[in-house]
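Structure first, then comments.
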Protein chains: 2
Amino acid sequence: MPIRILLADDHRLFRQGMISLMRTREDLVEVVGEAETGEEAVQMTGMLRPDVVLMDIYMPQKDGLQAAKEILSRFPGVAIVMLTSSEHDGHLYEAVRLGVAGYLLKNLDADELFELLEGVTHGEAAMTRSMAMRLLKGVAGRMVDAESGEEALSERELVVLRFVANGASNAEIAENLSISINTVKSHLKNILEKLQLANRTQAATYALRRGLVLPREK
Amino acid sequence: MPIRILLADDHRLFRQGMISLMRTREDLVEVVGEAETGEEAVQMTGMLRPDVVLMDIYMPQKDGLQAAKEILSRFPGVAIVMLTSSEHDGHLYEAVRLGVAGYLLKNLDADELFELLEGVTHGEAAMTRSMAMRLLKGVAGRMVDAESGEEALSERELVVLRFVANGASNAEIAENLSISINTVKSHLKNILEKLQLANRTQAATYALRRGLVLPREK
DNA sequence: AACTGCCTCACTCTAAAGGGTGATTACATC
DNA sequence: GATGTAATCACCCTTTAGAGTGAGGCAGTT
């Protein structure tokens, strides 16, 4: 019997395209459900109990990584394969840390996808050579990073960074947090050092691109 | 005869899905070519002269907007329909300004897409109600902005702003553009005044949020 | 010819940012 | 009890950013 698949992606066109593709291999794969949001993916997984969830990362309400975490804790038998366009190494590491069964980029050939999906049902990991390589490099990179002193930001540093990302000056941050400007400078200095950045503007763009602050309009 | 379509998207899976979908409506649409990068899209357009180019925005080498600009100036007869996941208003405005025939989100139904594509060949614009609404709101917003003193940035100012958004210092910008640091300061001063911003960090986040620079990974 | 906007640059001055060093308190961990 | 880390702050010093003012060249428009 074919592999039962739940498709979680917020782009209807992409889902429809995938379904159309999978119809050409009905012997191997069958799309049993679709989800538009992470929240929906969790619920549908509970109801349908698919063999594999093909999960995008960027989704409204709850992103694919959060949804994956929840699914893995509640329905450990379900295999999750991330299928995303994110070239962001951080997403890859996070997904692997959660224990997903695969991480694939949308820049992938359909036949390869079918092959890898079949492997997943046999307990293999779904990952292309290039993704595996990036993962290895990432692990190596983290070891180097640990040696060279890069660590995660503290809570307070994150708060300061968010202010910076909103264009606040040190004085304004100090006032808002009711601390001395020296302390703000101190935090910012640590932030720049930890993240290996040169100035506050780079810190701001870093924060925006990592989604540490919401990209509000206007 | 069917509408001849060039598919420009860097995700192979998406392209394959779209092709599979369009095979179901062979009477109406035909994919005559695929492009993985903006540069490729330009070249393929020259060679194939499709009726419509379905163009994504995020692509390596040359993004969809740049490619659209080039195609429209070199092959004015070709209709370009942006098909993207970008909810960024800046991208929408830019595309419309360039003169594309449509702007659609990938969160779209296949049947709707087919309908809209047919409309394009009859000279209609391919745009969903919600996109049209966003466009109108954007225009209204810009009129208000114009009254309150916001003006468009000059070409040079945009270049400087892009550097700022990448975290460059005035000295670095000056060196890269081979102009004096005083000139850079002068440009930046005008930018801040035109956009009613307080400092370069705000300018950087402004640029990022408006999509003036592509949110590169890494 | 006059005007306008854009790009270029200079000079001054003040405010802000950022690097370095060191120190205290508090809290958790080992 | 020692160690470590986070958060707080101070002082000094150098570099950078930003505001103000003025000005020349150049292209396009009226």
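Predicted, not measured: the structure shown is a model, and the values here were computed from it.
- Residues that satisfy the salt bridge (charged side-chain N to carboxylate O under 4.0 Å, His left out) test with B:Arg156, not counting sequence neighbours, are absent from this structure.
- Every residue two or more places apart in sequence or in another chain that forms a salt bridge (charged side-chain N to carboxylate O under 4.0 Å, His left out) with B:Lys106 is listed here: B:Asp9, B:Asp56.
- Between the CD1 atom of B:Ile173 and the P atom of D:dT16 there is a distance of 13 Å, given to the nearest Å.
- Contacts between residues 178-191 of chain B and DNA chain D, defined by a heavy-atom separation under 4.0 Å, are made by B:Lys185, B:Leu188, B:Lys189.
- Counting only heavy atoms from C-beta on, B:Arg156 has its side chain closest to C:dT8 among C:dG18, D:dT8, C:dT8.
- Taking the side chain of B:Lys194 as heavy atoms from C-beta on, and the options C:dC6, D:dT16, C:dG18, the nearest nucleotide is C:dC6.
- In this structure, A:Asn199 places its CG atom 15 Å from C1' of D:dG18, rounding to the nearest Å.
- Look at B:Glu30 and B:Arg4 and you find no salt bridge, because none of the NZ, NE, NH1 or NH2 atoms lies under 4.0 Å from a carboxylate O.
- Note on residues 181-192 of chain B: pairs passing side chain to side chain donor-acceptor pair (under 3.5 Å), not counting sequence neighbours, are B:Ser180-B:Asn182.
- Between the CZ atom of B:Arg200 and the P atom of C:dA17 there is a distance of 12 Å, given to the nearest Å.
- Note that the two end axes of the helix from C:dA1-D:dT30 to C:dC30-D:dG1 enclose an angle of 40°, each drawn from 5 base pairs, rounded to 10 degrees.
- Annotation: salt bridge (charged side-chain N to carboxylate O under 4.0 Å, His left out) contacts of B:Arg74 (sequence neighbours excluded): B:Glu70.
- Residues satisfying the salt bridge (charged side-chain N to carboxylate O under 4.0 Å, His left out) criterion with A:Glu175, sequence neighbours excluded, are absent altogether.
- With sequence neighbours excluded, the residues satisfying side chain to side chain contact (heavy atoms under 4.5 Å, CB included) with B:Thr45 are B:Leu6, B:Pro50, B:Val53, B:Ile71, B:Phe75, B:Val78.
- Each salt bridge (charged side-chain N to carboxylate O under 4.0 Å, His left out) pair with one or both residues in residues 39-55 of chain A, not counting sequence neighbours, appears once here: A:Glu39-A:Lys62.
- Residues B:Val52 and B:Ile3 are in side-chain contact: their nearest non-hydrogen atoms beyond the backbone lie under 4.5 Å apart.
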Can you give one letter per nucleotide of nucleotides 25-30 of chain D, 5' to 3': B if a protein heavy atom sits under 4.0 Å from the base, S if only from the sugar-phosphate, - if neither? ------
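- Every residue two or more places apart in sequence or in another chain that forms a side chain to side chain contact (heavy atoms under 4.5 Å, CB included) with B:Val31 is listed here: B:Leu7, B:Ile19, B:Met22.
- Annotation: side chain to side chain contact (heavy atoms under 4.5 Å, CB included) contacts of B:Ile181 (sequence neighbours excluded): B:Asn170, B:Ala171, B:Ala174.
- Rounded to an integer number of Å, the gap from CD of A:Glu157 to P of D:dT5 is 13 Å.
- Two residues, A:Ala171 and B:Ser154, neighbour DNA chain C, and the one matched to the more 5' nucleotide by heavy-atom proximity is B:Ser154.
- A straight line from CG of A:Leu197 to C1' of C:dG18 spans 13 Å, rounded to a whole angstrom.
- Proximity of B:Asn170 to the phosphate of D:dT16: no side-chain N or O atom is located under 4.0 Å from OP1 or OP2.
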